[in-house]
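Inspection log for the structure reproduced underneath, given as structure tokens.
Below, each value reflects all heavy atoms present in this structure, side chains not excepted, and no hydrogens, waters or symmetry copies. Source: prediction; values computed, not measured.
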Amino acid sequence: MSGVGVAGGSDVEAGLGLKASLEAILLVVDEPVAEVTLAQVLERPTQEVGRALSELAAEYTADRRGFDLREVAGGWRFYTRAECAPLVERFVRDGQQTRLTQAALETLAVVAYRQPVSRARVAAVRGVNSDGVMRTLVARGLVEEAGTDPESQAVLYRTSSYFLERLGLKDIGELPELAPLLPDDVENLEEITK
């Protein structure tokens with residue numbers, strides 16, 4: 001059976017190499033794809049696929065390509081190389097407004113650094129009601145429900161895997177430390193807001 005094309009057959013049947021097959025798939029995804037999923041689709045061992053992905057990522061870095069292949073949020077996806085970000089940002093934002101408001105960015109930061117957190121706690125940290133902003137962040141898929149507080153029964157929120165993907169992080173532990181950015185008397189500010 002000699003199948004060339006998308007319908008029918010593995011990359012071997014189509015005459016493509018493993019790396020070319022991985023590139024073709026990763027170019028059309030809109031979220032990270034797990035190695036095991038790629039291995040199943042390509043009918044190859046997961047370790048072989050993982051090795052090929054790592055080799056591709058290293059090749060792109062060595063060649064100083066404008067894109068990067070990264071493992072984030074449990075899968076692999078193409079991203080713009082960090083050095084090219086200002087150019088891409090200028091292209092994307094040319095004549096457009098920032099997509100998230102200041103209130104949304106503040107709320108997202110509180111959720112990211114305090115998760116899991118209730119709406120009431122977010123409002124206490126920000127000093128304003130954040131219900132509408134939280135609904136917007138949930139609707140955009142950046143924040144998701146994370147159960148309920150056992151004492152107050154309030155719904156708790158956390159950042160989503162989409163949030164990690166958009167920031168290019170493997171997990172929330174990769175967020176930068178806040179301490180260097182805070183004023184020296186932050187403990188006093190915390191007590192005042194309680």
Side-chain angles (χ1 to χ4, degrees), residues 3-101 104-105 107-109 111-113 115 136-144 146 157-178:
V4 177
V6 177
S10 69
D11 63 317
V12 173
E13 291 171 334
L16 297 174
L18 177 58
K19 289 181 181 178
S21 299
L22 290 168
E23 288 171 329
I25 292 169
L26 292 171
L27 276 173
V28 298
V29 301
D30 58 356
E31 60 186 43
V33 181
E35 288 177 13
V36 66
T37 303
L38 292 167
Q40 289 170 346
V41 169
L42 297 174
E43 299 173 353
R44 295 284 185 96
T46 304
Q47 288 179 339
E48 182 182 353
V49 168
R51 205 169 28 255
L53 289 165
S54 295
E55 289 172 7
L56 280 171
E59 288 172 22
Y60 299 148
T61 299
D63 292 347
R64 296 185 46 87
R65 299 274 180 93
F67 57 91
D68 204 6
L69 179 60
R70 292 188 219 154
E71 184 178 12
V72 295
W76 289 82
R77 183 173 178 214
F78 285 117
Y79 286 87
T80 300
R81 188 159 304 281
E83 301 89 79
C84 298
L87 297 171
V88 173
E89 184 176 340
R90 191 174 341 142
F91 174 77
V92 171
R93 290 190 179 180
D94 191 23
Q96 297 180 7
Q97 293 182 338
T98 306
R99 295 179 183 225
L100 289 177
T101 64
L105 290 172
T107 302
L108 191 54
V111 173
Y113 283 95
Q115 61 186 309
T136 299
L137 293 173
V138 169
R140 289 188 178 196
L142 295 167
V143 171
E144 63 190 12
Y157 294 89
R158 66 178 172 225
T159 52
S160 64
S161 59
Y162 179 65
F163 169 83
L164 294 174
E165 175 190 338
R166 299 305 297 170
L167 273 104
L169 304 173
K170 286 185 184 180
D171 59 50
I172 207 69
E174 290 186 348
L175 282 172
E177 289 293 322
L178 278 182

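- Panel note: side chain Glu165, backbone Ala73; no donor-acceptor pair is recorded below 3.5 Å.
- The shortest side-chain heavy-atom distance between Leu100 and Arg140 falls under the 4.5 Å cut-off.
- Between Leu16 and Ser21, the shortest heavy-atom distance links the atoms CB-OG, 3.6 Å.
- The structure places CG of Asp30 at 8.5 Å from OH of Tyr162, a figure rounded to the nearest 0.5 Å.
- Using a distance-only test at 3.5 Å, with no hydrogens or angles considered, no donor-acceptor pair links the side chain of Gln40 to the main chain of Thr37.
- Across Arg64, Lys19, Arg65, a single residue satisfies salt bridge (Lys or Arg N to Asp or Glu O under 4.0 Å) together with Glu59, and that is Lys19.
- Few gaps surround CD on Glu83; more than 12 heavy atoms of other groups in view lie less than 6.0 Å from it.
- A pairwise comparison of heavy atoms in Thr159 and Glu144 identifies O-OE2, 4.0 Å as the closest pair.
- When side chains are defined from C-beta on, Ile25 counts as touching Leu42, because their heavy atoms get closer than 4.5 Å.
- With a 4.5 Å cut-off on side-chain heavy atoms, Arg44 and Leu38 do not count as touching.
- Using the six-membered ring where Trp is involved, Tyr60 and Phe78 have ring planes that are tilted, between 30° and 60° apart.
- Side-chain atoms of Trp76 and Val29, non-hydrogen and from C-beta on, never get closer than 4.5 Å to each other.
- Comment: Arg77 does not engage Glu31 in a salt bridge, judged by the lack of any side-chain N to carboxylate O separation of less than 4.0 angstrom.
- Rounding to the nearest 0.5 Å places CZ of Phe67 at 10.5 Å from CG of Leu26.
- Residues Ile172 and Phe163 are in side-chain contact: their nearest non-hydrogen atoms beyond the backbone lie under 4.5 Å apart.
- Side-chain contact between Val143 and Leu108: present, with at least one pair of heavy atoms (C-beta onward) separated by less than 4.5 Å.
- The two residues Ala85 and Thr80 make their nearest non-hydrogen contact at N-CG2, 4.3 Å.
- Side chains of Glu71 and Leu53 form no contact here, defined as non-hydrogen atoms less than 4.5 Å apart.
- Atom CG of residue Leu105 and atom CG of residue Leu137 lie 8.5 Å apart, to the nearest 0.5 angstrom.
- Judged by distance alone, the side chain of Ser160 and the main-chain N or O of Gly141 form a donor-acceptor pair under 3.5 Å.
- Contact detail for Leu22 and Leu56: the closest heavy-atom pair is CB-CD1, 4.2 Å.
- Across all non-hydrogen atoms, the minimal contact from Cys84 to Gly66 is SG-CA, 3.9 Å.
- No donor-acceptor distance shorter than 3.5 angstrom exists from the side chain of Asp68 to the backbone of Arg70, with no hydrogens or angles considered.
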